[in-house]
Amino acid sequence: MDSAKLWQQAAEDIQWYQKPTTLLDSDSPPFYRWFPDGVTNACFNALDIHVEQGRGDCTALIYDSPVTDTKKQYTYKQLLKEVALFAGVLSNRGVSKGDRVIVYMPMVPQALIAMLACARLGAVHSVVFGGFASNELAVRIDDAQPKVIVCANCGVEPSHLVAYKPLLDEAIDLATNKPEHCIVLNRPMLDTAMVKGRDLDWEQEIASAQPVACTPVNANDPLYILYTSGTTGQPKGVVRDTGGYIVALKWSMKNVYNVEPGDVYWAASDIGWVVGHSYIVYGPLLAGNATVMYEGKPVGTPDPGAFWRVIAEYDVKVLFTAPTAFRAIRKADPQGEHLKHHDLSGLQALFLAGERCDPNTLEWAQETLQVPVIDHWWQTESGWPICSNCLGIELLPVVPGSPARPVPGYDVQVLDGEGNAVKEGDIGALVIKSPLPPGTFTTLWRAEERFEDTYFSKYPGFYETGDAGYIDENGYVFVMARTDDVINIAGHRLSTGAIEEVLAEHEDVAECAVIGVKDQLKGQLPLGLLALNTGDKREPSQVIAEAIQLVRDKIGPVAAFKLCVIVESLPKTRSGKILRGTMRDIADGTPWKLPATVEDPTVLDNITAALQSIGYPGG
Ligand code: COA
Ligand code: AMP
């Protein structure tokens with residue numbers, strides 16, 4: 001089926017206040033607009049419609065929190081009631097269509113309720129992952145300029161509480177644009193100081209609110225901004241439209257994941273990431289599924305059977321997570337002993353994404369679960385899968401190492417540095433021919449030039465994914481590496497450039513480089529190399545400890561920055577470019593060649609010795 005027909009038909013599955021008469025506005029590439037004259041509301045399509053159609057008593061949300069020993073379920077009717085009330089709270093505090101609301105919360109139902117309440121009002125939510133520290137949060141506050149911030153006082157990690165509220169207070173101090181109000185969900189495990197006049201208690205606000213109805217919005221009005229790492233410390237605010245997104249997501253639930261209304265769907269991720277937006281919140285609810293919100297880890301809460309327990313208890317049909325979660329389970333329970341205690345007969349498939357899936361992990365998951373294990377490739381920018389084995393259309397043979405073929409709507413190609421198509425099987429830049437399908441990002445928040453420059457300038461007419469790979473003779477795509485300084489830690493995307501910017505702030509650091517080194521559990525870990533100012537007499541171990549703490553304070557624990565070494569100097573080309581790729585090869589134990597342009601080859605011997613001193617290669 002051609003793309004136009006496909007998306008016209010898919011749009012029929014959505015409730016519109018005003019049906020779109022135009023499919024795509026292509027007047028000013030690369031700014032394409034899907035369904036430009038359609039009027040709809042994402043929350044209406046996720047909740048109200050199911051209640052109107054008589055499915056109000058079906059389960060919408062299953063909250064399972066081993067870290068707080070809590071389980072709770074909401075029907076569509078109950079969830080709608082909570083969302084409409086919280087929309088009333090936001091509305092009482094002056095939030096209306098187009099206003100931004102930052103959500104800084106752990107994996108609790110109120111996070112999903114806050115997101116949908118924004119959608120109900122036509123307000124734009126921007127969820128910030130809880131593992132980011134104040135500085136990162138402040139950057140996002142200044143960029144999004146939210147009227148209100150919704151937060152929880154704390155998150156619960158297996159070994160400790162994470163006090164979110166003090167991090168938020170500090171972020172607001174750092175930010176130039178202060179929100180008018182913070183609505184705080186006060187969880188009972190921590191007492192929290194509230195700022196008089198600014199901070200409002202979630203429960204008290206709810207008690208005095210009235211439910212509000214959906215606000216119709218244009219298909220191209222933004223539903224959310226989600227910040228993601230680029231090559232610098234300034235994150236990119238990916239903007240998602242409303243109409244194209246809900247059309248694409250609803251289509252994907254049946255065609256990619258093969259789920260029907262009433263099925264239980266579980267994306268074991270976090271609402272702070274794109275997977276959480278698309279497949280914990282919007283996708284499954286649009287499709288009338290029960291979505292699982294799990295506040296726990298794959299291992300240690302309490303054991304590596306945690307995922308199997310959840311699948312069995314709720315009869316999960318499709319599980320979606322990152323390969324790193326399966327590496328963690330496999331490491332703790334290589335024989336799959338914990339599986340024996342649980343009935344997983346309802347599980348139809350496992351989908352993996354977020355990082356390259358090593359064939360060993362995929363094969364182990366396949367043997368252990370005895371269901372198709374589907375690696376699929378996507379990005380914050382795409383919002384839904386670019387390449388996947390589409391279970392609802394036809395299950396193609398699974399080829400470990402490949403996320404299979406492009407999903408209908410995506411024209412994926414491989415180009416060389418000059419923009420020419422490479423030969424079949426040759427590696428090059430993975431690009432997607434414009435226009436991207438509905439549901440993909442429409443711009444970067446208040447940074448249209450950056451949108452064009454970053455993604456559409458190198459290969460005119462194509463979107464540059466930032467990934468490199470190849471396409472084989474069967475049309476299978478292989479995604480091998482990033483072409484930029486982005487690294488992937490446990491399925492979390494981080495910028496080495498951003499970590500370098502923080503390290504460079506340390507008073508003793510003359511210059512530094514951060515590389516992503518291979519890690520058996522998390523896929524990659526950041527490793528910092530610091531050259532200190534001459535004349536410094538401080539203990540190297542103290543400088544390292546301070547540098548590690550600085551990254552934790554400025555970026556957050558999610559950066560998992562724990563590897564750091566002092567070097568005499570950094571290897572460079574004659575033109576002054578730091579040889580990060582060569583250092584990464586040395587650390588990973590990958591064969592490497594001395595670059596012809598290297599300024600001083602002996603520096604690389606020193607780097608090798610410094611890396612060996614902390615156990616690399618093989619660390
Ligand atoms: N709020 C606050 N802090 C958080 C957090 C959150 N929501 N999530 C993680 N952190 C903290 C952790 O406590 C940890 O801090 P620490 O250095 O004090 O121990 C740090 O951030 C790193 O966390 P994480 O990457 O989760 O590592 P881990 O060692 O705790 O767990 C895995 C390892 C593999 C179990 C874990 O990474 C995982 O479950 N990954 C699943 C992948 C995933 O969800 N990917 C999302 C894209 S699909
Ligand atoms: P994020 O925007 O955080 O979702 O990260 C997107 C990046 O993760 C992609 O650009 C890839 O580098 C990587 N990625 C995601 N899924 C896959 C996959 N299935 N195979 C290989 N890399 C992947």
Side-chain angles (χ1 to χ4, degrees), residues 67 104-108 111 128-133 152 154-164 167 226-230 236 238 267-280 294-301 304 306-307 320-329 331-332 351-358 362 374-388 401-404 430 441 464-469 477-484 486-494 519 521-525 548 551-552 555-562:
V67 290
Y104 183 58
M105 295 178 100
M107 285 287 285
V108 289
V128 178
F129 178 62
F132 282 118
C154 66
V156 186
E157 286 289 292
S159 58
H160 61 285
L161 293 181
V162 182
Y164 279 43
L167 293 172
L226 179 58
Y227 289 90
T228 189
S229 301
K236 299 184 284 195
V238 162
S269 177
D270 188 287
I271 44 124
W273 307 118
V274 65
V275 175
H277 284 62
S278 296
Y279 294 112
I280 295 175
Y294 174 73
E295 192 182 21
K297 301 266 174 180
V299 293
T301 57
F307 274 22
F320 174 177
T321 192
T324 190
F326 266 73
R327 286 198 295 269
I329 296 171
K331 191 171 166 213
F351 283 79
L352 297 172
E355 56 178 324
R356 185 174 156 71
C357 183
D358 51 292
L362 188 132
I374 298 177
D375 175 15
H376 60 335
W377 169 50
W378 52 300
Q379 313 181 307
T380 305
E381 290 86 345
S382 71
W384 64 289
I386 303 167
C387 284
S388 182
S402 166
L430 287 165
F441 71 151
E464 189 185 353
T465 64
D467 284 314
V477 176
F478 290 75
V479 184
M480 305 307 290
R482 290 288 301 189
T483 56
D484 54 17
V486 166
I487 56 172
N488 201 309
I489 305 161
H492 308 146
R493 175 169 156 184
L494 283 140
D519 180 71
L521 175 63
K522 295 194 177 187
Q524 278 187 307
L525 280 177
I548 289 174
V551 173
R552 199 178 167 86
I555 296 183
V558 65
F561 182 72
K562 289 171 185 166

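It should be emphasised that the depicted structure is a prediction, and the values quoted were computed from it without experimental measurement. Counting convention: from 1, in listed order, for ligands and their atoms alike.
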Report summary line: At under 4.0 Å between heavy atoms, what of Trp378 touches ligand 2? The answer is backbone

Query raised in the report: Purely on distance, is any nitrogen or oxygen of Thr228 under 3.5 Å from one on ligand 2?
Result: no

Query raised in the report: Is Arg493 close to ligand 2, meaning an N/O of one under 3.5 Å from an N/O of the other?
Result: yes

Requested in this report: Return the orientation label for the Phe307 and Tyr294 ring planes: parallel under 30°, perpendicular over 60°, tilted otherwise.
Outcome: perpendicular

Report summary line: The protein residues that pass the under-4.0 Å heavy-atom test against ligand 1 are Phe129, Gly130, Gly131, Glu157, His160, Val162, Tyr164, Ala268, Ser269, Asp270, Trp273, Val275, Lys297, Pro298, Ala322, Thr324, Ala490, Gly491, His492, Lys522, Arg552, Pro557, Val558, Lys562

Query raised in the report: Would you call Val479 and Pro403 a side-chain contact if the rule is heavy atoms closer than 4.5 Å?
Result: yes

**Report entry** Ligand-side contact atoms (ligand 2) for residue partner Val479, heavy atom cut-off under 4.0 Å
**Finding:** 21 (C), 22 (N)

Requested in this report: Please work out whether the ring planes of His492 and Phe129 are parallel, tilted or perpendicular, with thresholds of 30° and 60°.
Outcome: tilted

Requested in this report: Output the list of atoms in ligand 2 that are nearer than 4.0 Å to some heavy atom of Asp375, sorted by atom number.
Outcome: 18 (C), 19 (N)

Report summary line: Note: Asn488, heavy atoms under 4.0 Å from ligand 2, region reported as side chain

Query raised in the report: Looking only at protein heavy atoms, which one is nearest to atom 22 (N) of ligand 2, and how far off is it?
Result: Arg356 N, 3.4 Å

Query raised in the report: Does the Ser278 side chain pair with the main chain of Gly383, one donor and one acceptor, at a distance under 3.5 Å?
Result: yes

Report task. Check whether any side-chain heavy atom of Phe561 lies under 4.5 Å from a side-chain heavy atom of Ile555, and answer yes or no. Result -> no

Query raised in the report: What part of His376, side chain, backbone, both or neither, has a heavy atom within less than 4.0 angstrom of ligand 2?
Result: backbone

Requested in this report: May I ask you to identify the nearest protein heavy atom to atom 23 (C) of ligand 2, giving residue, atom name and distance to one decimal place in Å?
Outcome: Glu355 C, 3.5 Å

Requested in this report: Could you tell me whether a side-chain N or O of Gln379 sits under 3.5 Å from a main-chain N or O of Thr465, the two making a donor and an acceptor?
Outcome: yes

Query raised in the report: So, Glu381 side chain and Phe441 main chain: donor-acceptor pair closer than 3.5 Å or not?
Result: no

**Report entry** Counterpart residues, side chain to side chain donor-acceptor pair (under 3.5 Å), relative to Glu355 (two or more places apart)
**Finding:** Arg327

Query raised in the report: Is the backbone N or O of Arg493 less than 3.5 Å from a side-chain atom of Ser229, with the two atoms forming a donor-acceptor pair by type?
Result: yes

**Report entry** Closest protein heavy atom to atom 16 (N) of ligand 2, given as residue, atom name and distance to 0.1 Å
**Finding:** Gly354 N, 3.1 Å

Query raised in the report: Any idea how His376 and Trp378 line up, ring-wise: parallel (<30°), tilted (30 to 60°), or perpendicular (>60°)?
Result: tilted

Query raised in the report: Counting only N and O atoms by type, is there a donor-acceptor contact under 3.5 Å from the side chain of Arg356 to the main-chain atoms of Met480?
Result: no

Report summary line: The protein heavy atom nearest to atom 12 (O) of ligand 2 is Asp467 OD1, 2.6 Å

**Report entry** Check: Val67 main-chain N/O paired with Thr301 side-chain donor or acceptor under 3.5 Å
**Finding:** no

Report summary line: of all protein heavy atoms, closest to atom 4 (O) of ligand 2 is Thr380 N, 3.6 Å

